[in-house]
There are 2 protein chains.
Amino acid sequence: MPAEAKVSAKVNKPAKVEARAAAPASPPLTERQEARRRRILHASAQLASRGGFDAVQMREVAESSQVALGTLYRYFPSKIHLLVATMQDQLEHMHGTLRKKPPQGETAAERVAETLMRAFRALQREPHLADAMVRALTFADRSVSPEVDQVSRQTTAIILDAMGQENPTPEQLSAVRVIEHTWHSALITWLSGRASIAQVKIDIETVCRLIDLTAP
Amino acid sequence: MPAEAKVSAKVNKPAKVEARAAAPASPPLTERQEARRRRILHASAQLASRGGFDAVQMREVAESSQVALGTLYRYFPSKIHLLVATMQDQLEHMHGTLRKKPPQGETAAERVAETLMRAFRALQREPHLADAMVRALTFADRSVSPEVDQVSRQTTAIILDAMGQENPTPEQLSAVRVIEHTWHSALITWLSGRASIAQVKIDIETVCRLIDLTAP
DNA sequence: CGCTAATCTAGAACAAGTTTCAGACTTGAT
DNA sequence: ATCAAGTCTGAAACTTGTTCTAGATTAGCG
């Protein structure tokens, strides 16, 4: 019946007031649709790498990715959704990269700090892209919760990986959540020029001490 | 020479690219100007208390406060500036209120957690207002750094007050910074419905343990 | 008081995110 | 090959933040 069947639960008109399931099993995308989605995300990242959040203009993204504006909005119901999806995309890369060279530290705290600093260095190479993604993430409202949650889970996974913990205790999970909070907020202060790179490093190292506090 | 003399270093055209001093000594405001500023902030808080960030529309703020749109922009060069100023305003109240009943906890960590939870409860009474202020705070870019920094200093002061520390060590200041990070980020996750009130409480209590770690 | 510079007002104009719509195009099923 | 249903396109419209302008007002000074 349909053609280029319903793009997915995620990729569908409902822009704001919707309340759909997270993304348990994303209805399959046509090849051309997958390609479109990829082009869009690529254009988004590219524009973001230039001027950051403001430079990602929906009309430009649409043009760059050779897609009509309406289509762009069908795939990503708002600029925030688009940027959060871009972040998901980048995070996957990052996780893959990090996996390859596990951190060397003796203690879990050291390894987590080392991993986060590695990620931070990667972000420093594309500060504008980082700006766009992080601003979108923290500005996101309820309508983007599922996607933001996914980013959060991915981040948690990275941290747990670094800890080398298979079965973290609830206490450790709390510590990880606090580390994530610190990570996001520290990034923001750095991006808005209110904290130096050194400062971010200190904050990360400081919060990572919580791990020793909950694990020994 | 002038009339309603230059409103202040802060309240003046330069909207974005400016780089003026923080607010060492704000050139005095006329009574009528002070009144206008107050009306604006009041309207802002009122609108925010209704629908949150989105409900604070510059045209409405202008109308509610009986001021021309251009004037509103002269006082607050952007919606973000306005909301951050609103937050400064609210924070002052809060600090005053908190001062009156110092926290009871035995340890510094307990007192800080208690204070933050008290603040959190206050925010829960006006969740929309909280939404508007916190979103503005984390979305603010470099052009708002001085104002955001001011908010940060105020928050730091509240926390140090609760700790009862006159001369905090650098380590303790790091811990306080991390606590602030956690505070902001936890608020965001709560506001966007991704964390429960209980969860925020746990996160706050968890991060406050850092104080014991740096002070004993 | 009368002047002058700065401020305030009303309203138009502009920019970018979002929505809408008619028509062309695809897809999968018959 | 044909058809129905769902997609994509192009373009216009709408919303809200921000800027601009011409003229009315106001404050402080001589």
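Throughout, protein chains are lettered first and strands after them, A, B, ... in sequence-line order, and every chain is numbered starting at 1.
For residues 77-89 of chain B, every residue pair satisfying the salt bridge (charged side-chain N to carboxylate O under 4.0 Å, His left out) rule, not counting sequence neighbours, is listed here: B:R38-B:D89. Within the structure, every pair that satisfies the salt bridge (charged side-chain N to carboxylate O under 4.0 Å, His left out) test and touches residues 122-132 of chain B, not counting sequence neighbours, is listed here: B:D131-B:R135.
Remark: A:R39 pairs with no residue by the salt bridge (charged side-chain N to carboxylate O under 4.0 Å, His left out) rule, at least two apart or across chains. Partners of A:W190 under the ring-ring contact (aromatic ring centres under 6.0 Å, His included) rule, at least two apart in sequence or in another chain, are A:F120. Residues meeting the ring-ring contact (aromatic ring centres under 6.0 Å, His included) test with B:F53, sequence neighbours left out: A:F139.
If you check every strand for non-hydrogen atoms under 4.0 Å, B:V56 touches sugar and phosphate atoms only.
The CD atom of A:E31 sits 15 Å away from the P atom of D:dC8 (whole-angstrom rounding). Between the CD1 atom of B:I40 and the C1' atom of C:dT7 there is a distance of 13 Å, rounded to whole Å. Rounded to a whole Å, the OH atom of A:Y73 is 14 Å from the C1' atom of D:dA13. D:dC8 atom P lies 9 Å from atom CZ of A:R32, rounded to whole Å. Atom pair A:L47:CG and C:dA16:C1' shows a separation of 14 Å (rounding to whole Å applied). B:E34 has its CD atom 16 Å from the P atom of C:dT7, to the nearest Å. Distance OH (B:Y75) to C1' (C:dT9): 13 Å, rounded to an integer number of Å. What separates NZ of B:K79 from P of D:dG17 is a distance of 4 Å, to the nearest Å.
Contact annotation: B:Q33 reaches the phosphate of C:dC8 (side-chain N/O to OP1 or OP2, under 4.0 Å).
Under the 3.5 Å distance criterion, the side-chain polar atoms of A:S78 are matched with a main-chain donor or acceptor of A:I80.
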Return the polar atom pairs (N/O with N/O) between nucleotides 9-12 of chain D and the protein under 3.5 Å, or none.
from  : atom 1 : to    : atom 2 : distance (Å)
D:dT9 : OP2    : A:A68 : N      : 2.9
D:dT9 : OP2    : A:T71 : OG1    : 2.7

